[in-house]
Amino acid sequence: MLARSWFERDAPVVAVDLLNKLLVVDEGSDAQVSGRIVETEAYRSDDPASHSYNGPTPRSSVMFGPPGVLYVYLSYGIHSCVNVVVGAIGDGQAVLVRAVDPVDGLQVIRARRAGRGDRDLTNGPGKVCAALGIALADNGTDLTGPGVRIRVVDDGTPSPANPVVGPRVGITKAVDTLWRFRTPPR
DNA sequence: GCCAGGATCGTCT
DNA sequence: GACGATCCTGGCG
């Protein structure tokens with residue numbers, strides 16, 4: 001489990017370091033669902049595309065809280081997307097988890113994503129939440145606390161030395177800010 | 001395979 | 001009252 005200080009860094013830095021970490025969700029006492037993070041995006045309060053751009057609001061206030069906490073929001077009235085708050089308290093920084101590769105609980109993931117092929121299980125922010133069972137109710141979860149249901153784990157796999165960098169997806173502002181990061185294709 | 005359009009509702013102006 | 005940090009479906013080639 002990663003310590004809070006690990007998250008207390010600038011969003012683009014943490015976004016790269018999150019690549020190849022495991023996002024783990026407990027499923028009862030004896031089981032877990034997890035995925036290896038393969039795509040992230042960084043957001044900051046000085047960034048017009050960020051929910052934190054205009055200062056704290058009832059929705060975005062979590063982004064201004066302590067790092068290492070989940071920020072989950074509803075997108076297009078349908079899909080949940082999961083972020084990790086980073087930086088110092090008051091910064092309003094977060095990293096969006098855009099895609100993972102399934103690791104544990106593949107059967108559960110397939111069931112939650114019924115009707116989809118294995119390549120469409122977790123390759124988008126809404127799909128990651130659906131597959132791992134992360135919901136709006138998980139907004140504000142402290143990943144660094146003891147006995148939490150959701151956590152980020154370093155299994156020793158280093159983050160890629162040369163991540164693929166590109167523009168963020170689905171935004172209309174700050175399109176030229178290259179804060180999307182992916183693990184290189186195999 | 002590619003593209004256009006719809007779903008659906010909380011959040012902010 | 002408009003607009004998304006998205007996903008899925010159906011039509012067409």
Side-chain angles (χ1 to χ4, degrees), chain A residues 7 9-19 21 23 25 33 35-65 67-87 91-102 106 108-141 143 150 152 163-183 185:
Chain A
F7 295 100
R9 298 176 293 156
D10 212 32
V13 176
V14 181
V16 172
D17 278 2
L18 272 175
L19 295 174
K21 298 292 184 292
L23 181 57
V25 181
V33 170
R36 190 173 302 282
I37 298 170
V38 296
E39 187 171 348
T40 59
E41 286 179 359
Y43 288 90
R44 286 200 316 211
S45 60
D46 60 352
D47 165 13
S50 172
H51 290 170
S52 59
Y53 183 56
N54 285 311
T57 65
R59 172 175 67 160
S60 68
S61 63
V62 171
M63 285 184 74
F64 291 87
V69 168
L70 283 190
Y71 169 51
V72 185
Y73 71 93
L74 190 65
S75 179
Y76 291 85
I78 304 176
H79 307 286
S80 298
C81 299
V82 61
N83 301 247
V84 182
V85 177
V86 302
D91 279 1
Q93 305 195 57
V95 175
L96 171 69
V97 177
R98 277 198 66 83
V100 305
D101 279 342
L106 186 56
V108 173
I109 291 173
R110 284 200 181 111
R112 286 176 177 156
R113 304 277 307 135
R116 310 291 157 8
D118 274 8
R119 273 156 309 255
D120 282 315
L121 293 177
T122 52
N123 59 339
K127 303 176 192 181
V128 168
C129 280
L132 298 184
I134 298 172
L136 284 180
D138 297 307
N139 187 37
T141 296
L143 298 174
I150 305 173
V152 176
V164 179
V165 178
R168 292 172 294 180
V169 174
I171 56 171
T172 58
K173 301 164 189 165
V175 171
D176 294 332
T177 303
L178 303 182
W179 278 352
R180 179 163 60 105
F181 307 97
R182 278 188 304 156
T183 57

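Both backbone and side-chain heavy atoms feed into the values below; hydrogens, waters and symmetry mates do not. Labels below follow one simple rule: chain letters A, B, ... track the order of the sequence lines, proteins then strands, and each chain is numbered from 1.
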With sugar-phosphate meaning primed atoms plus P, OP1 and OP2, does A:Arg59 contact a base, only sugar-phosphate, or nothing at under 4.0 Å between heavy atoms?
-> sugar-phosphate
Identify whether any heavy atom of A:Arg113 sits under 4.0 Å from a base atom; if not, whether one sits that close to sugar-phosphate; answer base, sugar-phosphate or nothing.
-> sugar-phosphate
How does DNA chain C look in dot-bracket form if you count Watson-Crick and G-U pairs under 3.5 Å, write [ ] for pairs that cross, and put | where a base pairs with another strand?
-> ||||.|||||||.
In whole Å, what is the span from the [atom1] atom of [X] to the [atom2] atom of [N]?
| X | N | atom1 | atom2 | result |
| --- | --- | --- | --- | --- |
| A:Leu121 | C:dT6 | CG | C1' | 17 Å |
| A:Ile171 | C:dT6 | CD1 | P | 9 Å |
| A:Leu96 | C:dC7 | CG | P | 10 Å |
| A:Arg116 | C:dT9 | CZ | P | 5 Å |
| A:Ile78 | B:dG10 | CD1 | C1' | 12 Å |

Here the residues of residues 39-49 of chain A within 4.0 Å heavy-atom distance, strictly under, of DNA chain C are A:Tyr43, A:Ala49
Side-chain donor/acceptor of A:Arg44 to backbone N/O of A:Ala11, under 3.5 Å | no
Among C:dT9, C:dG4, B:dG10, which is the nearest nucleotide to the side chain of A:Leu74?
-> B:dG10
For DNA chain C, whose closest nucleotide is more 5', that of A:His79 or that of A:Thr172?
-> A:Thr172
Face-to-face contact A:Tyr76 to B:dA7 six-ring, under 5.5 Å, under 30° | no
A:Arg98 side-chain N/O to C:dT6 phosphate OP1/OP2 under 4.0 Å = yes
